[in-house]
Structures are given as C-alpha cells and as structure tokens.
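This is the structure I have questions about; it appears just below.
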Amino acid sequence: MSVPGESSHFIMAPEMRIRELNSYKIEERNPRHAAVMMLFYPKDIDAHIALILRPEYEGVHSGQIALPGGKVEIYDLSYTETALRETQEEVGVYTHTVQVVKPLTKVYIPPSNFWVHPFLGFTEKRPDFVLQKEEVAAVIEVPLAELLNENNVSSQKLSTSYAKNIEVPSFELNGYTVWGATAMMLSELKMFLKMSIDR
C-alpha cells in the first residue's frame, strides 16, 4: 500500500514553513541525511508508539518531542540501518527485535538542513527502554488511539527557530505538545493508518 506523501505533512506544517519549503532549492543546500523510527509495540493490550523528549541544550531542537533516530554515519549501509542503529543507541531497543514494515515520506528540516527519512516498525512485546541520557530525557509512550483521535489536533502559538509567536498546528499527546517535523511525520503515519483501517 502506498503512503500519503507530502500533502499529509502540510496538514501539520505552519504556513510559513510551507512557503519556506516551496522557495528552497533543497539539494543546492547540500543537506545531510538522518533517519527515525516510528516504533509500535503492545502495552496493556493496546498498541503504543514511542516518542522521545530531547534534553535542554544549546541547539535548534532543544527540549522538543521527537522520534528515536539520528544522522546517517558513513558505515550505515542504508537509511533503514540508520533508523535501527539510532533507535538501539537512543532508547535501547535491539535492532534484531524490530520488524521494519515500510519507509514513509522524507521530511526536510530547514533549521538544521537535514532530510529525515522515517520508517514504520514494530516489536512483538514492549521494549525495556534504556535511555542514552545525553540524547534522550524521557520516552513518551503514546497509545495509538490517542494519535488517531482528531480531538488531539490543535493549533498553538509558539516561538520557533524561524519566527516568534506564530500559529503552529500540533498534536497533544500524553500531555505534550508535538509540532514541527515530528508532527508532520506523525500526520502521514496517522493518515496511512486510517487508510489501512478503512480498507
């Protein structure tokens, strides 16, 4: 089954970000590449997805909600391998326990000049999360039903790396506000899952 693509990203992108993306010649900026894992697993008989809270630090993604993942290293053979390796390093989920279902649509992040390649995967039981403290402050376990609930989509006034006090589409998940590239990727995941359920 095909994935929804960029149109699903734009649902959760601020208007300024959409205009910014449309104006860029991205490949001329020589972007770096990263990969993330949308990891599903069972908990209390319900499907959950693991998000992470980044620590506070001097950088563009300080204190944000993200998906486990990171930049491609020269020894990674594929983006899939990057997503699996980074998920093990950041939250302690062993690569051999994750079954990768499919890639979703890559997202460009202007402030850090990265193409991010998301992958959908799952484990057959809840992982014993072990956090890489320098990279991860907490794992946020979000029930699938919460992600799919339309009442959890809202708009917040936030200050971003490129504008102050602007309206930003966001998810409210487990008491956390999820916006930006993570929300854009989750938007595609949500649409893909709803398409799968409706079939």
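Small disclaimer: the values here were computed from a predicted structure and weren't measured.
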- Roughly how far, to the nearest 0.5 Å, is the CG atom of L189 from the NZ atom of K194?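 The CG atom of L189 is 11.5 Å from NZ of K194, to the nearest 0.5 Å.
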
- Message: Between N174 (side chain only) and Y176 (backbone N and O only), is there a donor and an acceptor less than 3.5 Å apart?
- Response: no

- For the residue pair Y79 and H117, categorise the inter-ring angle as parallel (less than 30°), tilted (30 to 60°) or perpendicular (more than 60°). parallel

- Would you please indicate if the ring centroids of F40 and H48 are separated by under 6.0 Å? no

- Message: Testing I109, V107, T105 one by one against M184 for a side-chain contact (heavy atoms from CB on, under 4.5 Å), which residue passes?
- Response: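 One option only clears the test, and that one is V107.
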
- Task: To the nearest 0.5 angstrom, please state how far the CG atom of L67 sits from the CZ atom of F119.
- Result: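 Output value for this atom pair is 12.5 Å.
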
- Do the side chains of V93 and M37 get nearer than 4.5 Å, heavy atoms only?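 No, every pair of side-chain atoms sits at 4.5 Å or beyond.
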
- Message: Any side-chain to backbone donor/acceptor pair from N152 onto F171? Under 3.5 Å, distance only.
- Response: no

- What do you reckon, is CG of D128 surrounded by more than 12 foreign heavy atoms closer than 6.0 Å? no

- Query: Would V98 and V130 show up in the same hydrophobic cluster when neighbours are defined by side-chain heavy atoms closer than 4.5 Å?
  - Reply: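 Different hydrophobic clusters.
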
- Message: With heavy-atom distances below 4.5 Å as the criterion, would you say the side chains of L53 and V136 are in contact?
- Response: no

- Taking the side chain as every heavy atom from C-beta outward, state whether I49 and L144 have any pair of such atoms under 4.5 Å apart.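 They are not in side-chain contact.
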
- Task: Flag the pair E135 / R54 as yes when at least one side-chain heavy-atom distance between them is below 4.5 Å, and no otherwise.
- Result: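 With C-beta onward as the side chain, the pair touches.
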
- Close side-chain approach of V91 and Q132, heavy atoms under 4.5 Å: no

- Item | Heavy-atom check, side chain of M191 versus side chain of I11, under 4.5 Å | yes

- Take Y108 and F114 through the side chain to side chain contact (heavy atoms under 4.5 Å, CB included) test and state the conclusion after the steps. CA-CA 6 Å; Y108 180 65; F114 266 99; 6.0 Å; no

- Side chains of L173 and P143: closer than 4.5 Å at any heavy-atom pair?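 No, their side chains stay 4.5 Å or more apart.
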
- Message: Could you see if M185 belongs to whatever hydrophobic cluster contains I52? Use Ile, Leu, Val, Met, Phe, Trp, Tyr and a side-chain cutoff under 4.5 Å.
- Response: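 Not linked; separate clusters.
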
- Query: Would you say L148 and K190 make side-chain contact, with heavy atoms under 4.5 Å?
  - Reply: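 Contact flag for L148/K190 side chains = yes.
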
- Would you say N113's side chain and R32's backbone share a donor-acceptor pair under 3.5 angstrom?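 A pair under 3.5 Å: no.
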
- Query: In the single-linkage hydrophobic clustering (I, L, V, M, F, W, Y; side-chain heavy atoms under 4.5 Å), do L39 and L186 co-cluster?
  - Reply: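 Different clusters.
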
- Nearest heavy-atom approach of K133 to P55 is O-CG, 3.9 Å

- Query: So, for Y41 and P127, which heavy atoms are closest and what is the spacing to 0.1 Å?
  - Reply: CG-CD, 3.7 Å

- If two hydrophobic side chains count as joined below 4.5 Å and joins carry through other members, does I140 share a cluster with V178?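 Same cluster: I140 reaches V178 through Ile, Leu, Val, Met, Phe, Trp or Tyr contacts under 4.5 Å.
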
- Decide salt bridge (charged side-chain N to carboxylate O under 4.0 Å, His left out) for E90 and R85; before the verdict, give the C-alpha distance in whole Å, the side-chain angles of both, and the deciding distance to 0.1 Å. CA-CA 9 Å; E90 290 196 331; R85 175 184 56 75; over 6 Å; no

- Item | Heavy-atom donor-acceptor pair, E188 side chain to S8 backbone, under 3.5 Å |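 Flag not set: sc E188 to bb S8 has no pair under 3.5 Å.
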
- Message: If the condition is salt bridge (Lys or Arg N to Asp or Glu O under 4.0 Å), which residues does K43 pass it with, not counting sequence neighbours?
- Response: E141

- Over all heavy atoms of both residues, which pair between N151 and N149 is shortest? Give the atoms and the distance, please.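 For N151 and N149, the tightest heavy-atom pair comes out as N-OD1, 2.9 Å.
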
- List, by chain and number, the other hydrophobic cluster members for L77, where Ile, Leu, Val, Met, Phe, Trp and Tyr join if side-chain heavy atoms come within less than 4.5 Å, directly or indirectly. none

- Item | Residue pair A83 / A35: nearest heavy atoms and the distance that separates them | N-CB, 3.7 Å

- To the nearest 0.5 Å, what is the distance between CD1 (I65) and OG (S170)? 11.5 Å

- Query: Do T177 and E172 get their side chains close enough for a donor-acceptor pair, meaning under 3.5 Å?
  - Reply: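 Note: T177 and E172 side chains meet the donor-acceptor criterion.
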
- Task: Spell out, yes or no, whether Y94 and F129 are grouped together once hydrophobic residues are joined by side-chain heavy atoms under 4.5 Å, including indirect joins.
- Result: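 Y94 does not cluster with F129.
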
- Message: Quick check: closest heavy atoms across V153 and M12, and the distance to 0.1 Å?
- Response: CG1-SD, 4.0 Å

- Query: Step by step, would you call Q64 with T182 a side-chain hydrogen bond (donor to acceptor under 3.5 Å, both in side chains)?
  - Reply: CA-CA 9 Å; Q64 290 185 7; T182 301; over 6 Å; no

- Query: Distance from L131 atom CG to E89 atom CD, nearest 0.5 Å?
  - Reply: 14.0 Å

- Item | Closest non-hydrogen atom pair between P42 and E124, with its separation | CG-O, 3.3 Å

